[in-house]
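As the structure is a prediction and not an experimental result, all values here were calculated from the model.
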Amino acid sequence: MKRIMTFIIMLVVIFAFSLIGVNADNNTTSIDGAYYKVEETLEEINLDYGLSSVNFKHEKAITAVTDQKWIVGYECGGAVYSDKSLLLNKEYSQNAFILNIKKDSNVKIVVWSVIKNGHWNLSTILETAKDYELHHPGYKVLAGVNGDFFDISADDPYPYTVYGTMVADGETLKITDVEWPAISFKNDGSDIPWVKIDKHECEENPYLKIYDDDNNLLKSFPINKINEEAINDEIALFYGLYKIEGNNHLCNYVDVNNAFIVKDENAKTVPYDAKSFYGRGQITAYGADTLKDNNFALKTNNKEVLNYLKVGQNIEVEYELKGELKGANNVSGAVSTFLRDSKHQVLDNYDYMQYRFPRTLCGYTKDGDVVFAVTDGRQAPKGYYGLNGVESAAQMLHYGCVEACSFDGGGSSTMVILQDGELRCVNSPSDGNIRRDGNAVLIVARVPKLKIDYKSKPNEITLMVEELEKISGYDEYYVKLNGQMLALVDGKAKFENLDSNSNYQYFIYIKKSDSYGQMPYSGEALTQKEMYEVRGISLSKYDLDNYQLHLDLKDEEEAIITASFILGDKRISLRKGQYLVDKKIVDYLLSNSNDSYLIITYQLSLHDEREEIKYDLNALSFDDASTALSTISDSISDILSSFFE
């Protein structure tokens with residue numbers, strides 16, 4: 001009986017472990033007829049940069065489907081990439097990239113798109129990150145993944161937009177009236193770091209918002225009409241909508257009169273359709289005009305509103321989200337919540353998750369950490385097969401997620417991280433290069449503004465770091481160069497015993513307790529070339545008509561670009577350290593002894609810039625030619641020797 005009870009208990013324990021997806025080797029996670037197993041961690045980097053706790057892993061993994069109901073389609077996303085069907089219980093290799101962002105990190109998860117001159121611009125994550133930093137001085141992008149699905153084929157009249165609702169910096173750039181799920185990153189340190197809803201609403205009409213010169217909101221008014229004349233106290237908004245003619249996307253120009261017009265070159269407009277518009281800029285004129293790309297206008301007889309509207313006024317027109325997304329600052333479309341409460345979910349829109357694809361996934365743990373995962377696919381020769389829905393659930397459960405959803409996948413699936421001062425793509429996008437997408441989800445950090453410069457000699461570099469903006473917690477800076485870590489003293493750190501004429505990469509750190517946190521600042525510093533050595537100068541008789549001028553130099557690193565002598569008003573270029581001097585020049589020098597002069601000039605390249613150095617000899621008087629030659633030679637030698645000591 002005791003043996004039977006022990007056996008029953010063991011079965012219960014095994015069953016319990018199978019429910020929560022943990023296997024004995026701790027490297028394998030199972031869920032609902034599939035498993036994910038890590039074979040090897042190929043790379044692991046802590047992207048804290050002295051600011052946060054963001055961990056990156058590149059792992060070699062294996063997935064398998066163990067339940068026939070999940071066997072759909074081909075083994076890696078389509079017959080173009082492999083004509084083999086997905087097989088039951090077969091292990092497929094995976095190339096996975098994981099980001100874990102601790103909830104107490106000094107970072108934000110933001111959504112961003114490149115929008116210029118009233119147009120939605122498809123951009124790589126690298127381009128999107130650069131654009132974000134351009135608009136947010138003092139922030140650095142630590143990592144990022146691609147975001148929402150988008151109009152890749154320009155099928156919409158207003159092309160290349162994301163499919164779902166998008167909010168960036170609190171600006172509602174696009175809303176959608178279709179049932180396209182949305183995710184809002186809260187960035188507030190709570191255990192549930194996002195709001196993920198399948199249906200969302202916005203106000204029926206947009207709002208006119210008035211701002212002062214310091215970007216403070218003064219007043220907000222509802223807009224009543226879109227491209228229709230206002231009646232009584234109504235406010236009317238006018239802007240051009242886009243249409244497709246042949247292969248072209250054209251803006252329908254709109255004529256207005258008695259209107260407050262925004263034709264600000266710095267304006268930002270996103271005119272998706274008659275129920276989705278965002279515009280921000282400065283009123284540039286009042287009167288009549290034709291509204292083209294990146295223009296909008298307002299008309300009203302409302303006296304209260306007219307008190308605010310004037311040329312030079314900063315205004316914004318925006319639809320406001322309602323419900324759980326009201327006031328959200330960073331929202332992107334995100335489909336298929338395939339993991340909820342640590343259980344695999346099969347939703348109505350699950351078709352996209354049935355098949356094997358490259359995947360970009362996002363989830364959060366019970367502690368509130370956010371996890372992003374990019375898994376390569378459609379590359380069978382490389383062993384990159386991609387995931388289906390149940391395998392995606394197993395993967396995100398493996399990394400501790402209790403809930404997870406999907407962004408755009410396929411050729412869009414991309415992850416970048418900041419390393420050695422540059423953002424780099426870490427995965428292998430199935431297009432063969434980084435695809436230009438509609439938006440990106442970026443992990444960004446607030447950093448102190450630093451001005452970094454350096455001075456160098458042939459065997460030393462002095463880094464000079466000036467803090468332009470003081471941020472609490474960043475008081476003790478360090479510099480790492482050539483494997484040596486030095487504290488900044490009065491903003492300087494000197495590195496010695498270096499090789500001449502060499503590039504050295506440096507990194508900026510701060511010290512936390514007994515550890516150093518690398519900041520997202522780095523660069524290169526160049527040591528100078530070794531100074532040349534003047535071994536001697538001679539001026540000797542060569543033949544009846546010429547003298548030979550000879551400069552004996554040691555210049556192994558070719559610091560000297562050109563060298564020349566100036567005698568009187570004649571410049572003599574030295575080639576290979578010597579030159580034949582016409583006897584007439586010496587005669588000229590002798591005949592004009594009262595005001596004659598001699599200069600030796602070097603064009604140098606000791607560093608990364610050129611400089612010119614001149615050495616002047618005062619007028620000399622001579623009794624005869626031999627004395628003149630001797631005096632010139634000795635004087636030059638004395639001056640140069642003393643200079644180079």
Exercise. Is there a side-chain contact between Thr63 and Gln395 (heavy atoms, below 4.5 Å)?
Worked result: no

Exercise. Which residues pass the salt bridge (Lys or Arg N to Asp or Glu O under 4.0 Å) test with Lys268, sequence neighbours left out?
Worked result: Glu171

For this session: Show your reasoning for whether ring-ring contact (aromatic ring centres under 6.0 Å, His included) applies to Tyr478 and Tyr516.
Result: CA-CA 8 Å; Tyr478 286 74; Tyr516 296 95; 5.0 Å; yes

Exercise. Using 4.0 Å as the upper bound for N to carboxylate O, is an ion pair formed by Arg280 and Glu316?
Worked result: yes

Problem set entry | Test item: Ser82 side-chain N/O and Lys84 main-chain N/O as donor-acceptor pair under 3.5 Å | yes

Exercise. Can you say whether the rings of Phe185 and Phe372 are parallel (under 30°), tilted (30 to 60°) or perpendicular (over 60°)?
Worked result: tilted

Exercise. Is the shortest heavy-atom distance from the side chain of Tyr160 to the side chain of Ile152 under 4.5 Å?
Worked result: no

Atom pairs and distances, donor-acceptor, side-chain atoms in residues 108-117, under 3.5 Å, two or more places apart:
{"residue": "Trp112", "atom": "NE1", "partner": "Asp131", "partner atom": "OD2", "Å": "2.9"}
{"residue": "Ser113", "atom": "OG", "partner": "Gly438", "partner atom": "O", "Å": "2.7"}

Exercise. When you check the gap from the basic side-chain N to the acidic O, do Lys69 and Asp32 get nearer than 4.0 Å?
Worked result: yes

For this session: Would you check if Phe97 and Thr360 make a side-chain contact, meaning some heavy-atom pair closer than 4.5 Å?
Result: no

Exercise. Side chains of Tyr504 and Tyr454: is there a donor and an acceptor less than 3.5 Å apart?
Worked result: no

Exercise. Do Ser336 side-chain atoms and Phe338 backbone N/O form a donor-acceptor pair below 3.5 Å?
Worked result: no

Exercise. How about Lys57 and Glu59: do any of their side-chain heavy atoms sit closer than 4.5 Å?
Worked result: yes

Exercise. Where does the angle between the aromatic ring planes of His136 and Tyr132 fall among parallel (under 30°), tilted (30 to 60°) and perpendicular (over 60°)?
Worked result: parallel

Exercise. What pairs of residues pass the salt bridge (charged side-chain N to carboxylate O under 4.0 Å, His left out) test when at least one of them lies in residues 358-370, not counting sequence neighbours?
Worked result: Lys102-Asp369

Problem set entry | Contacts of Glu39 that satisfy side chain to side chain donor-acceptor pair (under 3.5 Å) - sequence neighbours left out | none

For this session: Can you run down the salt bridge (charged side-chain N to carboxylate O under 4.0 Å, His left out) pairs that involve residues 380-392, sequence neighbours left out, and say none if there aren't any?
Result: Arg356-Glu391

Problem set entry | Student check: side-chain heavy atoms of Cys362 and Trp194 closer than 4.5 Å | yes

Exercise. Should the ring pair Phe149 and Tyr163 be called parallel, tilted or perpendicular, given that the plane angle runs from 0 to 90° and is split at 30 and 60?
Worked result: parallel

Exercise. Taking Asp67 for the side chain and Val65 for the main chain, is one N or O donor matched with an acceptor at less than 3.5 Å?
Worked result: no

Exercise. Are the ring centres of His249 and Trp120 closer than 6.0 Å?
Worked result: no

Exercise. How would you list, by chain and number, every residue that makes a salt bridge (Lys or Arg N to Asp or Glu O under 4.0 Å) with Lys480, sequence neighbours excluded?
Worked result: none

Exercise. Should Cys76 and Tyr384 count as side-chain neighbours, where that means a heavy-atom distance under 4.5 Å?
Worked result: no

Exercise. Side chain of Asp264, backbone of Asn266: donor and acceptor closer than 3.5 Å?
Worked result: yes

Problem set entry | Side-chain H-bond candidate by donor/acceptor type, Asn55 with Glu44, under 3.5 Å | yes

Exercise. Charged N to carboxylate O under 4.0 angstrom, Lys343 versus Glu403?
Worked result: no

Exercise. Is the side chain of Asn100 donor-acceptor paired with the backbone N or O of Val371 at a distance under 3.5 Å, no angle test?
Worked result: no

Problem set entry | Donor-acceptor contact present, side-chain Lys196 to main-chain Ala334, <3.5 Å | yes

Problem set entry | Test item: Asn427 and Asn95 side chains (from C-beta on) under 4.5 Å apart, heavy atoms | no

For this session: Can you label the angle between the Phe277 ring and the Tyr239 ring as parallel, tilted or perpendicular, going by 30° and 60°?
Result: parallel

For this session: List the steps and the verdict of salt bridge (charged side-chain N to carboxylate O under 4.0 Å, His left out) for Arg446 and Glu469.
Result: CA-CA 11 Å; Arg446 181 86 166 133; Glu469 180 185 20; 2.7 Å; yes

For this session: Taking the side chain as every heavy atom from C-beta outward, state whether Phe150 and Thr161 have any atom pair closer than 4.5 Å.
Result: no

